[in-house]
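No experiment lies behind these values; they were computed from the predicted model shown.
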Amino acid sequence: MKSMKFPKRYLIVLLTFVSTCVCYIERVGFSIAYTVAADAAGINQSSKGTILSTFYYGYACSQVPGGWAAQKIGGRQVLLLSFVLWSSTCFLVPLDPNRVTILVVARLLVGVAQGFIFPSIHTVLAQWVPPHERSRSVSLTTSGMYLGAAMGMLVLPSLVKFRGPQSVFIAEAALGVIWSLFWFKYATDPPRSEHQKATATGFGESLLPTKASQKIKVENGGTTARTSEIPWKRILASRPVWAIVVNNFTFHYALYVLMNWLPTYFELGLQLSLQEMGSSKMLPYFNMFIFSNIGGVLADHLITKRIMSVTKTRKFLNTVGFIVSSLALMALPIFRTSAGAIFCSSVALGFLALGRAGFAVNHMDIAPKYAGIVMGVSNTAGTLAGIIGVDMTGKLLEAAKAEYSDLSSPESWRTVFVIPGLLCIFSSFIFLLFSTGERIFD
């Protein structure tokens with residue numbers, strides 16, 4: 001790598017980007033494959049919502065433990081273990097909608113395994129990426145989610161059509177194994193010799209996991225013990241942390257509802273076939289990929305050029321992203337054509353991704369040493385949004401179907417999209433009031 005003059009941290013960021021891409025191919029893939037299999041088996045919308053939301057129960061359980069494990073053991077090792085576990089589960093489990101118990105257990109296991117991923121990634125990036133590169137690095141990494149979702153929407157419906165729903169599981173498992181091999185070969189902890197000023201800048205070897213009794217050198221030549229105590233009370237009582245938590249909940253409520261139910265909206269709400277929609281169905285997620293990276297680059301530009309402070313930059317991007325997204329979400333049921341629905345959902349998801357340059361990077365601003373822990377706490381809230389939103393949407397649609405006889409009318413879907421729209425407005429005000437870009441946890 002040195003002979004190529006390619007900084008190792010860039011390779012780490014690239015690999016974490018690919019990891020999120022593969023994870024979201026898996027999530028979108030299950031939604032597509034299970035929807036086809038469940039519809040063929042005559043499973044109702046409420047039962048589909050229950051199965052689709054099962055993943056998030058497991059995902060919620062492992063967020064905080066994932067942050068703790070990454071803090072104590074190391075994000076690099078925990079991330080690898082997570083991929084091995086969920087890939088193995090996908091490979092071994094049959095996709096049969098009538099075998100409900102097996103599917104529920106499998107989705108719980110995949111959820112638990114993937115729950116370790118984002119706390120581990122935030123721990124790794126806090127160690128490797130200097131503060132002035134954090135916005136674009138985190139934005140690039142998280143944009144892998146949207147590219148993965150876009151690729152899944154583009155390719156997997158055809159794979160299901162020609163090779164059957166089970167083929168999706170095999171393809172996802174293969175991708176997970178391939179990524180694991182690359183991560184095992186190339187990922188390392190940051191060399192301590194390269195980060196002599198890491199404590200002052202908030203990244204590098206000072207953030208690596210250590211034993212409570214370990215000694216480190218100080219400037220005058222002496223040594224001091226480095227504590228591994230995690231300030232749980234301060235974290236859980238912090239208003240800036242809760243500002244991140246609220247916005248993480250809202251972001252994932254909107255994202256997971258659209259990710260899990262947009263295929264149903266296209267097919268039942270607009271009477272469109274996913275196979276016949278071609279590449280247009282991937283545009284909402286591809287738009288997220290583009291806007292996520294725009295947000296990261298813009299945030300770093302505003303901060304490094306001192307156009308705005310870190311605090312104002314985070315608040316500005318979060319507010320613009322969430323407010324525009326709220327308007328697009330609430331307008332979505334009005335559009336009754338393929339082009340209109342694609343445009344509206346693309347604006348909604350694109351500006352949600354722009355908002356991530358506000359709240360999502362804020363973990364590392366306020367607590368670089370405990371980025372994995374804070375990410376675990378906030379992502380638990382995001383996962384609860386998946387449990388609540390995906391399951392409740394199924395029940396809302398079942399009630400709408402009983403009232404309107406089918407799901408083809410805009411009234412059947414209005415409540416589904418108005419709820420996340422209102423949440424976006426509420427959470428943006430919370431972030432304006434309580435967030436900060438200052439480091440508050442040493």
**Message:** Check whether F251 forms a cation-pi arrangement with R356 (NZ or CZ under 6.0 Å from the six-membered ring centre, at most 45° off the ring normal).
**Reply:** yes
**Message:** Please determine whether the number of non-hydrogen atoms from other residues, nucleotides or ligands lying under 6.0 Å from atom CZ of F343 exceeds 12.
**Reply:** no
**Request:** Could you tell me whether a side-chain N or O of Q114 sits under 3.5 Å from a main-chain N or O of G111, the two making a donor and an acceptor?
**Result:** no
**Prompt:** Looking at residues at least two apart in the chain, or sitting in another chain, which of them share a side chain to side chain contact (heavy atoms under 4.5 Å, CB included) with A348?
**Reply:** S325, A328, L329
**Asked** Going through the checks in order, is the ring-ring contact (aromatic ring centres under 6.0 Å, His included) test met by Y56 and Y256?
**Response** CA-CA 10 Å; Y56 301 105; Y256 290 152; 4.5 Å; yes
**Closest contact, heavy atoms only, C90 versus E172** = SG-OE1, 4.1 Å
**Prompt:** Hey, what do you get for OG (S137) to CG (L14), rounding to the nearest 0.5 Å?
**Reply:** 11.5 Å
**Asked** For A60 and I387, which heavy atoms make the closest approach, and how far apart are they?
**Response** CB-CD1, 4.2 Å
**Fill in**
Heavy-atom closest pair (A353 atom, M288 atom, distance to 0.1 Å) is CB-O, 3.4 Å
**Request:** Grab the two heavy atoms, one from T20 and one from G144, that are nearest each other, plus how far apart they are.
**Result:** OG1-CA, 3.2 Å
**Asked** Would you call T319 and F431 a side-chain contact if the rule is heavy atoms closer than 4.5 Å?
**Response** no
**Message:** Do F182 and L15 have side chains that approach each other closer than 4.5 Å (heavy atoms only, starting at C-beta)?
**Reply:** yes
**Prompt:** Side chains of I121 and T141: does their closest heavy-atom pair fall under 4.5 Å?
**Reply:** yes
**Asked** Between N293 and S143, what is the shortest heavy-atom contact and its length?
**Response** ND2-OG, 3.1 Å
**Asked** Should the heavy atoms of other residues, nucleotides or ligands under 6.0 Å from CE of M151 be counted, would the total exceed 12?
**Response** no
**Atom CZ of R336: over 12 foreign heavy atoms under 6.0 Å** = yes
**Prompt:** Is S427 reaching over with its side chain to a backbone N or O of N247, donor-acceptor style, under 3.5 angstrom?
**Reply:** no
**Fill in**
side-chain contact (heavy atoms from CB on, under 4.5 Å) test vs V310 passes for just one of I366, I303, T436, namely I303
**Prompt:** Any side-chain heavy atom of L156 sitting closer than 4.5 Å to one from I25?
**Reply:** yes
**Request:** Please report the closest heavy-atom contact between F116 and S120, naming both atoms and the distance.
**Result:** O-OG, 2.6 Å
**Message:** Within the 3.5 Å criterion, strictly below it, is a donor on S378 or N248 matched to an acceptor on the partner's side chain?
**Reply:** yes
**Message:** I want to check something: taking the side chain as every heavy atom from C-beta on, are L109 and W86 in contact at a cut-off of under 4.5 Å?
**Reply:** no
**Asked** Measuring from L332:CG to C344:SG, what's the distance to the nearest 0.5 Å?
**Response** 5.0 Å
**Request:** Kindly indicate whether the side chain of L327, heavy atoms from C-beta on, has any atom under 4.5 Å from the side chain of F351.
**Result:** no
**Message:** Can you classify the ring geometry of F17 versus F289 as parallel (below 30°), tilted (30 to 60°) or perpendicular (above 60°)?
**Reply:** tilted
**Request:** May I ask you to test the L125-V13 pair for a side-chain heavy-atom distance under 4.5 Å?
**Result:** yes
**Request:** Identify whether the distance between the nearest side-chain nitrogen and carboxylate oxygen of R314 and E438 falls below 4.0 Å.
**Result:** no
**Prompt:** Would you call S435 and P240 a side-chain contact if the rule is heavy atoms closer than 4.5 Å?
**Reply:** no
**Asked** Counting N and O atoms only, with roles assigned by atom type, does the side chain of K401 sit under 3.5 Å from a partner on the main chain of L407, one being a donor and the other an acceptor?
**Response** no
**Request:** Any chance you could measure L255, atom CG, to H252, atom NE2, to the nearest 0.5 Å?
**Result:** 6.0 Å
**Message:** Whether R107 engages the ring of F30 as a cation-pi pair (distance to the six-membered ring centre under 6.0 angstrom, angle to the ring normal within 45°) should be assessed.
**Reply:** yes
**Ring centers of W179, F83 separated by less than 6.0 Å** = yes
**Message:** Is the distance from the ring center of Y24 to that of Y146 below 6.0 Å?
**Reply:** no
**W413: which of F335, Y404, F266, Y265 passes ring-ring contact (aromatic ring centres under 6.0 Å, His included)** = Y265
**Message:** Check this for me: K395, atom NZ, are more than 12 non-hydrogen atoms of other residues, nucleotides or ligands nearer than 6.0 Å?
**Reply:** yes
**Message:** Check whether S180 reaches the backbone of G176 with its side chain - one donor and one acceptor, N or O, closer than 3.5 Å.
**Reply:** yes
**Message:** Would the distance check show the side chain of Q63 and the main-chain N or O of G115 forming a donor-acceptor pair, the cut-off being under 3.5 Å?
**Reply:** yes
**Asked** Between the side chain of S87 and the main-chain N/O of V84, is any donor-acceptor distance below 3.5 Å?
**Response** no
**Prompt:** Going by distance alone, is a donor N or O of one side chain under 3.5 Å from an acceptor N or O of the other, for R27 and Y59?
**Reply:** yes
**Distance in Å, F359 CZ paired with N318 CG, rounded so as to fall on 0.5 Å steps** = 7.0 Å
**Request:** Using modelled atom types only, decide if a donor and an acceptor are shared between the side chain of S428 and the backbone of I425 within a distance under 3.5 Å.
**Result:** yes
**Asked** Donor-acceptor pair, S139 side chain versus R136 backbone, under 3.5 Å?
**Response** no
**Prompt:** How many angstroms lie between atom CG of L317 and atom CZ of F322, to the nearest 0.5 angstrom?
**Reply:** 11.5 Å
**Item:** Between SG on residue C21 and CG on residue L175, distance to nearest 0.5 Å
**Value:** 8.5 Å
**Asked** Between the side chain of W261 and the main-chain N/O of V390, is any donor-acceptor distance below 3.5 Å?
**Response** yes
**Prompt:** Do any N or O atoms from the side chain of Q166 and from the backbone of V93 form a donor-acceptor pair under 3.5 angstrom?
**Reply:** yes
